[in-house]
Amino acid sequence: MKPSIPQGTRDFSAAVLRKRNFILQTIRSVFETYGFEPLETPAMENTETLMGKYGEEGDKLIFKILNNGLNNPDKREAVIQDFNAVLEGKTNKGITERALRYDLTIPFARYVAMNQGQLSFPFKRYQMQPVWRADRPQRGRYREFWQCDADVAGSAALLHEVELSLIYTNVFNKLNVPVEIHINNRKILGALAAVCGGEDMMMDITIAIDKLDKIGMEKVKDELIGKGLSMEQVDAVESFISIAGSNEDKLQQLEDMFSHLPLGKEGINELRTILGSFNAIQGTGSSDTQLMVDLSLARGLNYYTGTIFEVKALGVQMGSIGGGGRYDDLTGLFGVKGIAGVGISFGVDRIYDVMEELNAFPESIQKGTTALFFNTGMDEQQHILGIAENLRSKGISCEIYHEQAKFEKQFKYAERKNIPFVVIIGSKEIEAGTALVKELVSGTQTEMNVDELLKGLGK
RNA sequence: GAGGUUGUAGCUCAGUUGGUUAGAGCGUCUGAUUGUGGUUCAGAAGGUCGUGGGUUCGAGACCCAUCAUCCUCCCCA
């Protein structure tokens with residue numbers, strides 16, 4: 001059979017992995033400076049933990065794992081019944097008890113609900129692991145991809161929103177990726193829905209306006225009419241998303257629009273508080289990334305209840321590279337009431353694609369092995385092995401060519417692996433206690449004592 | 001889930017209205033050069049033309065199916 005890997009998955013070579021690790025390490029270090037602690041959860045969760053948390057579309061995109069032992073003759077009748085239920089679009093434990101995790105937020109909520117007795121709140125954790133979605137792969141979309149999440153559970157303080165915004169700006173600054181951080185509040189969208197057809201229309205309205213920059217105002221209106229809104233209500237939605245100007249201008253106009261709705265005012269005040277605090281700090285920092293109030297920002301995940309975030313890269317055609325928001329009652333889904341939370345997520349694979357396109361990776365991260373010792377014969381090899389061990393004990397990575405070969409071959413090996421130094425020690429050098437060190441880029445070659453070598457390559 | 005693109009050597013791709021033995025560049029290997037790579041020169045290896053059927057005297061090319069791929073929509077990171 002021809003070797004292959006599943007659709008939408010990838011192998012990662014050394015060069016790719018070094019770049020990915022650069023992203024991961026940058027994110028991790030920023031998370032830690034804000035006091036977030038690491039957490040890892042299993043690749044698979046119980047199917048029922050995940051189902052129903054991401055909406056109808058989301059359920060379809062969850063990878064379910066087939067149970068073992070379905071061919072057991074004793075269970076044959078039960079399995080046939082369960083499978084017939086699957087054919088009708090239902091999932092059940094008889095066929096699939098486990099599923100691959102779809103994001104990191106629900107596993108986090110499950111973890112908090114399970115361990116609420118042991119955790120001290122507010123609980124701040126970060127998590128960097130792959131997630132899986134049965135989506136059709138395309139540009140910027142994979143079936144296995146990494147997310148890096150930072151969440152705070154057990155606190156309603158808006159301080160967290162401010163700090164999470166700062167985490168976004170710090171990470172993308174360090175990665176040298178120019179971004180826009182869009183911010184909105186579900187309470188404002190809820191107020192809009194209350195004005196236009198009722199609270200239960202909120203998801204339909206938000207999904208429609210979320211498409212504004214993609215399909216334009218007219219098609220958004222068509223979609224809203226299709227959802228059963230009256231012309232008056234559609235006009236109200238239009239005047240809502242037509243609100244423009246600076247952040248403060250927008251908030252002012254919103255206040256005029258929702259003056260009679262406590263929910264809307266609450267959302268407006270939250271936004272104003274976050275923006276004020278963030279801007280006061282940003283002025284003192286090195287970054288000029290701004291929070292942008294974006295009233296068409298909705299985000300599909302239906303557990304968000306307050307602030308919502310989305311990050312877009314500037315200058316590259318790519319979907320959002322990060323997102324998040326506040327949820328009042330995430331663990332309520334698992335029977336634990338009253339734990340509020342807020343979190344953000346980084347889409348590592350999209351960030352990688354953006355950085356590749358912007359050529360934003362530093363050259364320096366591609367250094368692997370520092371030196372290659374040429375193999376000049378079996379006797380010499382043993383001698384060289386001792387020197388190499390000495391270098392390695394000092395933290396310098398080096399390798400010995402695996403067999404005696406023409407220098408051309410050994411040079412090419414060093415070149416292909418991007419090894420900056422070549423060290424030649426043959427019988428002559430062993431006798432003299434010296435080593436020939438050649439720097440490949442410049443081609444300069446110097447003869448030095450082995451002692452010098454052990455010091456010199458260290459820098 | 002709906003629609004479309006592309007599939008020829010390790011890689012990037014040519015391949016005429018269907019016509020003899022399917023080509024190029026890069027890469028790989030060998031030699032010129034037995035302790036000094038990148039340049040040059042000479043040579044070599046490497047292909048079930050994605051897979052399976054069909055049309056035809058004849059298919060890499062045309063038709064059908066299938067798989068893979070990339071893209072768009074839906075939705076999202």
Side-chain angles (χ1 to χ4, degrees), chain A residues 1-10 23 27 54-62 89 101-105 128-149 168 179 203 206-208 210-211 214-215 219 223 297-302 308-313 317-325 343-354 372 374-377 380 401 404-417 419-430 435-447:
Chain A
M1 76 176 253
K2 270 189 194 168
S4 65
I5 55 174
Q7 188 182 37
T9 65
R10 298 150 295 162
I23 297 173
I27 295 172
Y54 310 104
E56 233 173 278
E57 288 300 312
D59 282 355
K60 288 185 199 159
L61 299 181
I62 294 171
R101 74 170 157 251
Y102 178 90
D103 71 356
L104 301 178
T105 307
M128 315 206 304
Q129 288 187 278
V131 301
W132 293 270
R133 294 185 190 176
D135 228 338
R136 191 68 70 82
Q138 55 184 272
R139 177 181 161 83
R141 177 174 305 192
Y142 306 98
R143 290 186 144 186
E144 177 186 64
F145 60 98
W146 279 62
Q147 292 194 330
C148 300
D149 279 30
Y168 267 142
V179 296
M203 283 314 296
T206 54
I207 286 172
D210 200 31
K211 297 177 191 164
K214 229 175 198 173
I215 62 178
K219 293 205 169 162
E223 192 161 328
L297 171 61
R299 294 190 59 74
L301 292 172
N302 45 20
I308 44 183
F309 294 107
E310 198 154 289
V311 183
K312 286 188 173 146
Q317 190 67 36
M318 179 67 71
S320 66
I321 57 177
I344 56 170
S345 178
F346 289 82
V348 176
D349 301 79
R350 284 187 179 173
I351 293 170
Y352 180 97
D353 291 342
V354 166
L372 175 72
F374 273 19
N375 195 319
T376 50
E380 292 86 343
Y401 196 77
Q404 187 174 7
K406 295 180 64 170
F407 274 26
E408 183 179 352
K409 264 190 121 163
Q410 306 199 43
F411 269 120
K412 281 193 172 159
Y413 180 82
E415 218 165 63
R416 284 189 74 116
K417 278 193 78 172
I419 299 173
F421 294 102
V422 146
V423 182
I424 303 167
I425 299 176
S427 49
K428 280 186 291 184
E429 286 80 11
I430 291 177
L436 281 172
V437 178
K438 183 162 183 172
E439 190 182 1
L440 285 188
V441 179
S442 61
T444 55
Q445 181 170 309
T446 48
E447 184 163 6

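Because the structure is predicted, anything quoted here is derived from the model rather than measured. Naming convention: chains lettered A, B, ... in sequence-line order (proteins, then strands); numbering from 1 in each chain. Computation of the quantities below employed the complete heavy-atom set of this structure, encompassing side-chain atoms and omitting hydrogens, waters and symmetry-equivalent molecules.
Here the side chain of A:Lys409 is nearest to one of B:A77, B:G35, B:U30, namely B:U30. Which of B:U28, B:C74, B:U30 sits closest to the side chain of A:Lys412 comes down to B:U28. Taking every side-chain heavy atom of A:Glu415 into account, B:G38 is the closest of B:U36, B:G38, B:C74.
Straight-line distance between the P atoms of B:C11 and B:G50: roughly 13 Å, to the nearest whole Å. Comparing B:G10 with B:U66, their C1' atoms are spaced 27 Å from each other, to the whole Å. Rounded to whole Å, the separation between the P atoms of B:G7 and B:U12 comes to 12 Å. Of the C1' atoms belonging to B:G53 and B:G46, the separation is 29 Å, rounded to the nearest Å. B:C70 sits 48 Å from B:U33 when the P atoms are compared, rounded to a whole Å. For B:A44 and B:G35, the P atoms lie 28 Å apart once the distance is rounded to whole Å. Rounded to whole Å, the P atom of B:U30 lies 15 Å from the corresponding atom of B:A45. For B:G18 and B:A24, the P atoms lie 25 Å apart once the distance is rounded to whole Å.
Using a 4.0 Å heavy-atom criterion, one finds that A:Lys438 contacts the bases of the nucleic acid, with or without backbone contacts as well. The residue A:Gly443 sits close to a base: some heavy atom pair falls under 4.0 Å. At the heavy-atom level, A:Glu380 lies nowhere under 4.0 Å from the strands shown. Heavy atoms of A:Ser427 sit under 4.0 angstrom from at least one base atom. Heavy atoms of A:Ile424 sit under 4.0 angstrom from at least one base atom. Within 4.0 Å of A:Arg139, counting heavy atoms only, lie sugar-phosphate atoms of the nucleic acid but no base atom. Looking at heavy-atom distances under 4.0 Å, A:Gly140 makes contact with a base. Within the 4.0 angstrom heavy-atom criterion, no nucleotide atom of any strand lies near A:Ser345. The residue A:Gln138 sits close to a base: some heavy atom pair falls under 4.0 Å.
A:Ile62 places its CD1 atom 13 Å from the P atom of B:A77, with the value rounded to the nearest Å. When rounded to the nearest whole Å, the span between CZ of A:Arg136 and C1' of B:U5 equals 13 Å. Remark: P of B:C75 and OH of A:Tyr142 are 21 Å apart, rounded to the nearest angstrom. The CD1 atom of A:Ile5 sits 16 Å away from the C1' atom of B:C67 (whole-angstrom rounding). The distance from atom CZ of A:Phe407 to atom P of B:G35 is 7 Å, rounded to the nearest whole Å. Atom CH2 of A:Trp146 is separated from atom P of B:C76 by 24 Å (rounded to the nearest Å). Atom CG in A:Asp135 sits about 9 Å away from atom C1' in B:C74, given to the nearest Å. Distance CG (A:Leu61) to P (B:A77): 11 Å, rounded to an integer number of Å.
For A:Arg133 against B:A77, a side-chain N or O and a base N or O form a donor-acceptor pair under 3.5 Å. On a pure distance criterion of 3.5 Å, a polar donor-acceptor pair joins the side chain of A:Gln445 and the base of B:U36. Side-chain to base pairing of A:Gln404 with B:G35: no donor and acceptor N or O lie closer than 3.5 Å to each other. Within 3.5 Å, no donor on the side chain of A:Arg299 pairs with an acceptor on the base of B:C76, nor the reverse.
For A:Gln7 and B:A68, the shortest distance from a side-chain N or O to OP1 or OP2 is not below 4.0 Å. Dashed line: the shortest gap from a side-chain N or O of A:Arg350 to OP1 or OP2 of B:C76 is not under 4.0 Å. Between A:Lys406 and B:G31 there is a side-chain polar atom (N or O) within less than 4.0 angstrom of OP1 or OP2.
Looking at heavy atoms from C-beta onward, A:Ile23 lies in side-chain contact with A:Ile27 at the 4.5 angstrom threshold. Within the 4.5 Å cutoff, the side chain of A:Cys148 has heavy atoms near those of the A:Val348 side chain.
Between A:Glu408 and A:Lys412, at least one side-chain N (NZ, or NE/NH1/NH2) sits under 4.0 Å from a carboxylate O, which counts as a salt bridge. For A:Glu57 and A:Lys60, the salt-bridge test passes: some basic side-chain N is under 4.0 Å from an acidic carboxylate O.
With hydrogens and angles disregarded, a donor-acceptor distance shorter than 3.5 Å links the side chain of A:Arg139 to the backbone of A:Gln317. Remark: side-chain polar atoms of A:Arg350 are paired, donor with acceptor, to backbone N or O of A:Gly140 under 3.5 angstrom. The backbone N or O of A:Trp132 lies less than 3.5 Å from no partner atom in the side chain of A:Arg101, so there is not a single donor-acceptor pair.
Residue A:Pro6 is the one, among A:Asp210 and A:Pro6, whose nearest nucleotide of RNA chain B lies closer to the 5' end (criterion: closest heavy atom). Between A:Ser442 and A:Phe145, the residue anchored nearer the 5' end of RNA chain B, judged by the nucleotide with its closest heavy atom, is A:Ser442.
Pair check for B:G43 finds B:C29; Watson-Crick or G-U wobble, both atom distances under 3.5 Å. Partner assigned to B:G60 is none, using Watson-Crick or G-U wobble distances below 3.5 angstrom. Base pairing of B:U72: its partner is B:A2, meeting the Watson-Crick or G-U wobble criterion (both donor-acceptor distances under 3.5 Å). Across all strands shown, B:U16 remains unpaired; no Watson-Crick or G-U wobble contact has both distances below 3.5 Å. Both distances falling under 3.5 Å, in either a Watson-Crick or a G-U wobble arrangement, occur for no nucleotide opposite B:A77. Using the Watson-Crick or G-U wobble rule with both distances under 3.5 Å, B:U66 pairs with B:G50.
Checking A:Arg10, A:Gln147, A:Arg141 one by one against A:Asp349, the side-chain hydrogen bond (donor to acceptor under 3.5 Å, both in side chains) holds for a single residue, A:Arg10.
Using a 30° and 60° split on the angle between ring planes, A:Tyr54 and A:Tyr102 fall in the tilted class, from 30° to 60°.
B:G38 has no stacking from A:Phe411 on its base ring, since the centres under 5.5 angstrom apart and planes within 30 degrees of parallel are not both found.
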